[in-house]
**Q** 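Have a look at the structure that comes next, please.
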2 protein chains.
Amino acid sequence: MEEKLHLLRQHFEELFALTDDQWNFVQSHFQYKSLKKHQFLIQAGQAVNFEYWIIKGLVKAYSIDDKGKEHILQFAMENYWVSDHCAFQHQEPGTIFVDCLEDSEFFCLSLENREKICLEVPAVANFFRIKSNNGYINLQQRILSLLTMTAESRYEYLLNKLPKLIQRVPKKLIASYLGVSRETLSRFNS
Amino acid sequence: MEEKLHLLRQHFEELFALTDDQWNFVQSHFQYKSLKKHQFLIQAGQAVNFEYWIIKGLVKAYSIDDKGKEHILQFAMENYWVSDHCAFQHQEPGTIFVDCLEDSEFFCLSLENREKICLEVPAVANFFRIKSNNGYINLQQRILSLLTMTAESRYEYLLNKLPKLIQRVPKKLIASYLGVSRETLSRFNS
DNA sequence: AGCTAAAAGTGACCTAAATCACTTTTCAAG
DNA sequence: CTTGAAAAGTGATTTAGGTCACTTTTAGCT
């Protein structure tokens with residue numbers, strides 16, 4: 001566990017250095033969780049008590065429409081943060097599912113604890129500020145890709161951007177992420 | 001100008017209170033700008049030196065594809081922040097345009113100044129942290145709407161969510177925002 | 001008020017991608 | 001190693017929405 005916490009500290013310190021005291025304070029606000037493939041981290045309709053930093057593994061975050069079809073909002077793997085951010089932030093029942101595509105391990109941060117460490121340690125507030133901003137930028141680019149590109153070029157774009165991800169994830173899930181049917185994706189390129 | 005700065009202070013203090021000293025420090029890092037309808041705030045290919053808080057007015061942020069077609073990323077009005085966030089954050093030439101749909105006024109914040117006030121005044125770091133997080137949540141919902149909803153229901157959804165906006169913006173721009181053609185939008189509902 | 005230009009509406013036709021139905025391949029669990 | 005299930009591929013058909021061409025309406029500007 002020491003080792004895993006060290007990974008989290010490194011993750012924070014990629015942006016801002018922390019003193020040992022600060023880190024000890026921060027660290028004490030996380031809790032560890034481990035799940036097997038196919039287990040749920042978050043389920044629609046239930047409370048979302050945490051956001052999760054992924055130590056190891058791979059998850060998908062998705063919503064299910066009225067026809068039972070799955071729409072993938074995000075894939076998240078090592079070093080990513082994942083949650084039903086909307087439900088978490090507003091402390092409402094969730095609307096999306098997050099489940100494990102591989103055995104996974106997490107550090108869990110409650111809203112209360114997040115606010116506590118942000119107010120106590122400014123470097124942490126700045127860390128989350130920068131992270132959220134980068135996330136925002138990524139989502140803007142995804143929106144632009146949905147508005148401007150054909151399904152096929154979105155696929156090529158993703159192949160270039162996250163080649164390792166594609167190898168870890170079934171193509172039908174990639175299709176769902178791109179907003180295209182499994183069959184159509186299968187007809188693309190090579 | 002006092003009055004306009006007061007609006008900005010109110011905007012910050014919706015989330016975290018500031019002492020007068022803190023506010024004076026923060027305030028001194030903004031500069032004022034005013035533009036007429038049809039003028040550009042940001043142009044693709046040029047440096048993006050600021051992010052902008054809108055005192056008054058309405059702008060559209062959009063990219064232009066290889067066929068010359070406009071795709072609207074965001075509408076922004078009073079109290080909104082707008083920029084080419086990607087180019088701004090990485091201090092690269094921009095890829096999108098932002099221009100005024102109405103005469104507009106802004107407070108401009110450079111990247112250097114943003115980092116300065118965030119590091120100096122933790123409440124400001126927390127302000128931007130929460131704002132970015134909320135922005136992230138909104139974009140996730142927009143992505144879900146693009147993945148799960150038909151063009152028509154996206155339109156209805158927008159009508160409900162931002163009815164005032166629709167009245168200030170030509171329908172062909174709404175169409176572009178929704179990722180649907182002007183003609184198709186025109187055939188919806190009433 | 002009158003004029004121009006932008007915006008909005010509409011019909012006819014076209015196309016990218018969805019859907020349905022089925023086959024083949026791959027993978028994981030006993 | 002085998003076997004059942006999930007994933008992937010493929011053909012035929014349908015459909016939401018795009019494109020083109022034109023008309024009508026609305027809004028700004030002298």
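Numbered from 1 within each chain, the chains take letters A, B, ... in sequence-line order.
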**Q** Should A/Leu119 and B/Leu15 be counted in the same cluster of Ile, Leu, Val, Met, Phe, Trp and Tyr side chains packed under 4.5 Å apart?
**A** yes
**Q** Taking NZ, NE, NH1 and NH2 as the nitrogens, is one of them in A/Arg168 or A/Glu102 under 4.0 Å from a carboxylate oxygen of the other?
**A** yes
**Q** Let me have the donor-acceptor pairs involving side chains of residues 35-46 of chain A, under 3.5 Å, with sequence neighbours excluded, atom names and distances please.
**A**
from, atom 1, to, atom 2, distance (Å)
A/Gln39, OE1, A/Lys36, N, 2.6

**Q** In whole angstrom, give the distance that lies between atom CD of A/Glu102 and atom C1' of C/dA28.
**A** 14 Å
**Q** Of the non-hydrogen atoms in A/Phe25 and A/Ser28, which two are nearest, and what is the gap between them?
**A** O-OG, 2.7 Å
**Q** Would you confirm whether A/Arg9, through its side chain, and A/Leu18, through its main-chain N or O, come within 3.5 Å as a donor-acceptor pair?
**A** yes
**Q** Between P on D/dA21 and CD on B/Glu183, what's the gap in Å once rounded to a whole number?
**A** 12 Å
**Q** If you restrict it to nitrogen or oxygen atoms, what contacts under 3.5 Å exist between nucleotides 3-7 of chain C and the protein, and what is each distance?
**A**
from, atom 1, to, atom 2, distance (Å)
C/dA7, OP2, B/Lys172, NZ, 2.5

**Q** Are B/Glu51 and B/Arg114 close enough for a salt bridge, meaning some N to O gap below 4.0 Å?
**A** yes
**Q** In whole angstrom, give the distance that lies between atom OH of B/Tyr155 and atom C1' of D/dG17.
**A** 16 Å
**Q** Are A/Phe128 and A/Trp81 close enough that their ring centers fall under 6.0 Å?
**A** yes
**Q** Can you check side-chain hydrogen bond (donor to acceptor under 3.5 Å, both in side chains) on B/Gln74 and B/Arg142, steps first, answer last?
**A** CA-CA 11 Å; B/Gln74 187 194 3; B/Arg142 183 159 171 214; over 6 Å; no
**Q** Pick out the pairs of N or O atoms, protein on one side and nucleotides 24-30 of chain D on the other, that lie under 3.5 Å.
**A**
none

**Q** Given the rule in the side-chain hydrogen bond (donor to acceptor under 3.5 Å, both in side chains) test, do B/His71 and B/Asp65 qualify, once you have shown the distances and angles that lead to the verdict?
**A** CA-CA 8 Å; B/His71 301 272; B/Asp65 69 20; 2.8 Å; yes
**Q** Under 6.0 Å between ring centres, would you say that holds for A/Phe12 and A/Phe127?
**A** yes
**Q** Over its full length, what angle do the end axes of the helix from C/dA1-D/dT30 to C/dG30-D/dC1 make, each axis taken from five pairs and the result rounded to 10 degrees?
**A** 60°
**Q** Expressed as a whole number of angstroms, how long is the span from A/Arg154:CZ to C/dA17:C1'?
**A** 11 Å
**Q** Quick one: A/Phe188 CZ to D/dT10 C1', roughly how many Å, whole number?
**A** 15 Å
**Q** How about B/Tyr177 and B/Phe75: are their ring centres within less than 6.0 Å of each other?
**A** yes
**Q** Round to a whole Å and report the spacing from CG of A/Asp103 to C1' of C/dA29.
**A** 14 Å
**Q** A/Thr184 side chain N/O closer than 4.0 Å to the phosphate oxygens (OP1, OP2) of C/dA18?
**A** yes
**Q** Following the transitive rule for hydrophobic clusters with a side-chain heavy-atom cut-off under 4.5 Å over Ile, Leu, Val, Met, Phe, Trp and Tyr, establish whether B/Met149 and A/Ile64 coincide in one cluster.
**A** no
**Q** So what does B/Lys69 hit on the nucleic acid, given a heavy-atom distance under 4.0 Å: a base, only sugar-phosphate, or nothing?
**A** sugar-phosphate
**Q** For the pair made of CG in B/Leu185 and P in D/dT19, what is the distance, rounded to whole Å?
**A** 14 Å
**Q** Give, ordered by number, those residues of residues 142-152 of chain B having at least one heavy-atom distance below 4.0 Å to an atom of DNA chain D; if nothing qualifies, reply none.
**A** B/Thr150, B/Ala151
**Q** Per the atom types in the model, does the base of D/dG18 pair as donor or acceptor with the side chain of B/Arg187 at under 3.5 Å?
**A** no
**Q** A/Leu109 and A/Trp53: same hydrophobic cluster, using ILVMFWY side-chain contacts below 4.5 Å?
**A** yes
**Q** Could you work out the complete set of other residues in the hydrophobic cluster of B/Ile137, with links drawn between I, L, V, M, F, W and Y side chains under 4.5 Å apart?
**A** none
